[in-house]
Amino acid sequence: MVEAGVGVVFILAVTLGFALGVSAPATESAQLDAYAEDAATVLANEPPRHADETRLSEVTRSPAAFDRERDALEARVDRILDDNLMFRLETPHGAVGYERPATVPTGHTVVPTPGGEVTIWIWYV
Amino acid sequence: MRGQANLPALAVALLVLTTTAGLGVAVADGAFASADRDAIDRAGAAALADRLVAADSPVTERRNVLNASRLEADEADETQAGLESLVPEGAAVRVAVDGEVVYERGDPTGSPTVRRLVLLAEAQAVTIEPPLAFGETTLPRRSAAATITVAEDADVETVRANDRVILHDPDGLSGAHDVALSRYETTTLRFDGDPQEGDVTVTYYPERTRKAHLEVTVDAGP
């Protein structure tokens with residue numbers, strides 16, 4: 001009878017693992033990565049506001065160019081993204097957007113430009 | 001005697017053990033069924049969305065920029081045929097732009113939807129008759145192409161866009177010419193020769209873009 005009890009406890013332990021459930025699929029960050037890539041593609045192919053090749057190479061060219069463009073860049077990224085998304089765009093000369101939270105899933109993408117890499121982080125509000 | 005006393009205990013033990021094992025298998029089965037992650041549907045939707053926003057897709061102008069006029073009703077047949085060549089066979093597919101269905105085959109409701117951020121571009125033609133007092137004119141907005149029409153007897157030998165020669169004829173240009181410009185910079189057209197006011201008209205195609213969502217839902221079937 002003791003042996004049967006041990007067996008039952010063993011099987012129940014295995015069952016408990018299934019009953020607790022399998023974690024939800026991590027599809028959120030894949031979707032966020034897609035959003036980040038889309039935003040980066042749109043920005044990377046956009047004409048510059050003043051000079052240089054594209055909008056992103058314009059802001060990475062010099063700290064002065066970044067300071068001049070930062071407000072327009074932030075407004076532009078904000079417009080491209082949905083209202084339920086938040087972003088941070090990092091360039092070698094500084095960043096625009098919000099502080100990146102540590103606890104929520106984020107998507108990101110890196111775009112190389114002549115002046116350095118631009119990283120875009122996206123997460124849900 | 002001892003063995004016989006244990007027999008009912010053994011039977012009960014076996015019964016309890018098999019019942020528990022059966023229960024465990026049932027719970028495990030339920031867990032696996034609920035863990036159906038629609039992986040194939042999601043992968044299909046993601047791949048189709050990728051192909052739709054690619055630079056060479058039938059609905060895009062360039063990467064992530066959809067051509068708005070190709071989604072409108074009068075060009076629907078061509079667009080439908082183009083989309084038909086992209087979607088996998090035997091799958092139920094719905095493609096929507098900003099909630100409006102542009103392509104549907106079957107009913108994929110309930111399958112995962114992949115969303116992409118795109119721009120909808122609309123180009124309209126604007127024709128100007130540039131003032132030629134200084135032999136040059138700057139197009140008010142950036143445009144990837146332009147049509148330059150020169151009157152029959154106008155005296156224009158060369159047309160330059162930002163100092164790059166785009167049209168040249170030593171005997172004098174005439175007629176309509178399509179030229180490629182850069183959409184990344186403002187274009188200044190220079191007309192070499194002695195054209196009179198009204199001899200030259202320029203049609204350019206500035207682009208308006210607005211943001212939109214592309215939503216792709218795929219049900220790959222059972």
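In what follows, chains carry the letters A, B, and so on, assigned in the order in which the sequence lines appear, proteins first and then strands, with residues in each chain numbered from 1. Since the structure is predicted, the reported quantities are computational estimates derived from the model, not experimental observations.
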Would you find more than 12 non-hydrogen atoms of other residues, nucleotides or ligands less than 6.0 Å from [X] atom [atom1]?
X      : atom1 : result
B:E100 : CD    : no
B:R141 : CZ    : yes
B:D163 : CG    : no

Pairs of heavy atoms under 4.5 Å with chain B: top-ranked of A:T41, A:V42, A:V14, A:T15: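 Option with the greatest count: A:T41.
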For B:V114, does its backbone N or O pair with a side-chain atom of A:Q31 as donor and acceptor, under 3.5 Å?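 Side chain of A:Q31 to backbone of B:V114, a donor-acceptor pair under 3.5 Å: no, none is there.
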With respect to chain A, which residue among B:A28, B:A26, B:G24 yields the maximal number of heavy-atom pairs within a distance under 4.5 Å?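 That would be B:A28.
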At a heavy-atom separation under 4.5 Å, does [X] approach chain A through its side chain, its backbone, both, or neither?
X      : answer
B:L119 : side chain
B:R116 : both
B:T113 : backbone

Which heavy atom of [X] sits nearest to which heavy atom of [Y], and what is that distance?
X      : Y      : value
B:Y184 : A:T54  : CE2-CG2, 4.0 Å
B:R142 : A:P48  : NH1-O, 2.7 Å
A:Y35  : B:R115 : OH-CB, 3.4 Å

Roughly how far, to the nearest 0.5 Å, is the [atom2] atom of [Y] from the [atom1] atom of [X]?
X      : Y     : atom1 : atom2 : value
B:L117 : A:L81 : CG    : CG    : 6.0 Å
B:H213 : A:D82 : NE2   : CG    : 3.0 Å
A:I11  : B:T20 : CD1   : OG1   : 5.5 Å
B:R63  : A:D38 : CZ    : CG    : 8.0 Å
B:T209 : A:E46 : OG1   : CD    : 6.5 Å

Need one label for A:V8: side chain, backbone, both or neither, based on atoms under 4.5 Å from any heavy atom in chain B.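 Backbone plus side chain of A:V8, per the 4.5 Å heavy-atom cut-off to chain B.
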